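Here's the structure we're looking at; comments come further down.
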Amino acid sequence: MLITLSRQYASGGSEVARLVAEALGWTVVDDDFVREVAQRAGLPPEEVALLEERAPTFLERFARSTALASPELFMPATGGIEEFDEDKLIKITRSLVAELAHEGRVVMVGRAAAAVLEREQDAMHVQLVAPRSVRVQTAIERLGIDPKEAPRMVDERDRNRERYHKEYYERDWADATNYHMVLNTALLGYDGAANLIAAHARALGWADAAD
C-alpha cells in the first residue's frame, strides 16, 4: 500500500505529502529518498534533488548518445567534457522506488514514482496542480524565489519534469488518465487535498498503520 504524489512545481507536493502521512500514520519519502540515491550514486544530495528538474545540455546529451558508439572520443583528459551520467541516477532511483514500494505504507513525492509503479495494485497515484499565477506567487512567498525569476523557474521546472517522464518512461506527465486523482491545491488548499487523499485511502481499508 502506497501513495505517489506527482506535482506541478510549487503546487504543494511536500506539504500535502506530510499531511497525508500524518493522517494515515505513514512515512513520507522525500528528502530521505534524495539522500539515499545520492549515497548510492556517490553524488552530492543537492545534485540528485534536481534530477527531475534539470534539462541536460546539448553537450551532455551528445556525450551520452555517442559514448557507446565512439568511446575513443571520451578519453580522460584534464579540462575535458565530463559525461553527466543521468542514466545511472535513473536506474538507482527506479530501483529504490521499487524497494520502498515493497515496504509499503509510504507517501512518495516525485521521482516519477507513478510511472515506475504503474502496475502495482495497492498503489494510489495522485497529481497536484494549481494555476500558474498561484504557483508563481507560491514560489516567491513560500520558496523564496526572486520575483523576477519566479515565472521562468515555474515554467522551466515543469518543462523538465515533462521531459524527464517522456524521455525515460515514454509517459505524458500531464495526462490525467495516469492518475487516480488530479487535485487543484489552489481550490482545495493543502489540507483539503490531503483530506481527500487520506479519505480515499481509508475507503480502501489502508488507514490502520498497525495492520
Side-chain angles (χ1 to χ4, degrees), residues 3-21 28-35 37-38 43-64 84 86 89-90 93 97 107-116 125-197:
I3 297 169
T4 71
L5 291 185
S6 179
R7 71 278 188 242
Q8 292 181 326
Y9 181 67
S11 63
S14 294
E15 293 85 349
V16 172
R18 177 182 59 79
L19 291 168
V20 171
V28 175
V29 177
D30 196 350
D31 293 340
D32 289 340
F33 185 97
V34 170
R35 285 191 288 270
V37 172
L43 291 171
E46 56 270 19
E47 184 171 335
V48 175
L50 292 175
L51 178 60
E52 289 179 296
E53 324 294 351
R54 183 181 184 280
T57 66
F58 169 78
L59 289 177
E60 289 167 347
R61 286 176 177 274
F62 178 79
R64 293 214 312 268
F84 176 76
E86 189 179 44
L89 285 180
I90 297 298
T93 298
V97 166
V107 183
M108 295 189 190
V109 181
R111 314 302 148 191
V116 177
H125 305 304
V126 180
Q127 186 179 49
L128 302 179
V129 301
R132 178 178 181 271
S133 59
V134 172
R135 293 186 293 118
V136 168
Q137 197 61 32
T138 298
I140 295 169
E141 295 178 355
R142 295 178 65 93
L143 304 180
I145 306 299
D146 186 297
K148 294 180 180 179
E149 289 295 314
R152 181 193 62 79
M153 179 74 76
V154 167
D155 293 340
E156 182 179 276
R157 293 292 177 88
D158 283 350
R159 281 196 303 269
N160 288 338
R161 288 176 183 179
E162 183 177 13
R163 187 273 311 176
Y164 178 86
H165 283 72
K166 183 176 182 179
E167 182 172 339
Y168 290 102
Y169 297 99
E170 298 182 350
R171 187 180 180 93
D172 184 353
W173 172 64
D175 186 349
T177 62
N178 288 324
Y179 308 96
H180 295 86
M181 295 183 180
V182 178
L183 303 177
N184 186 335
T185 55
L187 296 178
L188 295 168
Y190 299 160
D191 287 306
N195 288 339
L196 285 173
I197 297 168

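Residue indices begin at 1 and follow the sequence shown. These numbers come from a predicted model, not from an experiment.
Asn178 places a side-chain N or O within donor-acceptor distance of the main-chain N or O of Asp172, the cut-off being under 3.5 Å. Put simply, the side chain of Arg161 gets close to the backbone of Arg7: a donor and an acceptor are under 3.5 Å apart.
Minimum interatomic distance between Ala150 and Ile140 (heavy atoms only, all atoms of both residues): CB-CG1, 3.6 Å. Across all their heavy atoms, Ala176 and Val182 have their closest contact at CB-CG2, 3.8 Å. Contact record, Ala17 with Val28: O-CG2, 3.5 Å, taken as the closest heavy-atom pair. Closest heavy-atom contact between Ala114 and Thr4: CB-OG1, 3.6 Å.
Judged as a side-chain hydrogen bond (donor to acceptor under 3.5 Å, both in side chains), and not counting sequence neighbours, the contacts of Asp175 are Thr177. In this view, Gln127 satisfies the side-chain hydrogen bond (donor to acceptor under 3.5 Å, both in side chains) rule with no residue, not counting sequence neighbours. For Ala186, the side-chain contact (heavy atoms from CB on, under 4.5 Å) partners are Ala130, Pro131, Val134, Asn184, not counting sequence neighbours. Partners of Arg159 by side-chain hydrogen bond (donor to acceptor under 3.5 Å, both in side chains), not counting sequence neighbours: none found. Every residue two or more places apart in sequence or in another chain was checked for a side-chain hydrogen bond (donor to acceptor under 3.5 Å, both in side chains) with Asp191, and none qualifies.
Taking CZ from Arg157 and CD from Glu162, the interatomic distance works out to 15.5 Å, rounded to the nearest 0.5 Å. Once rounded to the nearest 0.5 Å, the distance linking OH of Tyr164 with CD1 of Ile90 reads 3.5 Å. The line from CD1 of Ile3 to NE2 of His125 is 11.0 Å long, rounded to the nearest 0.5 Å. A distance of 4.0 Å separates OH of Tyr9 from CD1 of Ile145, quoted to the nearest 0.5 Å. Ile197 CD1 to Leu128 CG: the interatomic distance, rounded to the nearest 0.5 Å, is 5.5 Å. In this structure, the separation between OG1 on Thr138 and OH on Tyr190 is 4.5 Å, given to the nearest 0.5 Å.
Applying the side-chain hydrogen bond (donor to acceptor under 3.5 Å, both in side chains) test to every pair with at least one member in residues 144-155, sequence neighbours left out, gives these pairs: Arg132-Asp155, Glu149-Arg152, Arg152-Glu156.
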Self-check item: Tyr169/Val116 under side-chain contact (heavy atoms from CB on, under 4.5 Å): CA gap, chis, key distance, verdict
Solution: CA-CA 8 Å; Tyr169 297 99; Val116 177; 3.4 Å; yes
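Proximity of Glu15 to Thr185: side-chain heavy atoms (C-beta onward) are nowhere separated by under 4.5 Å.
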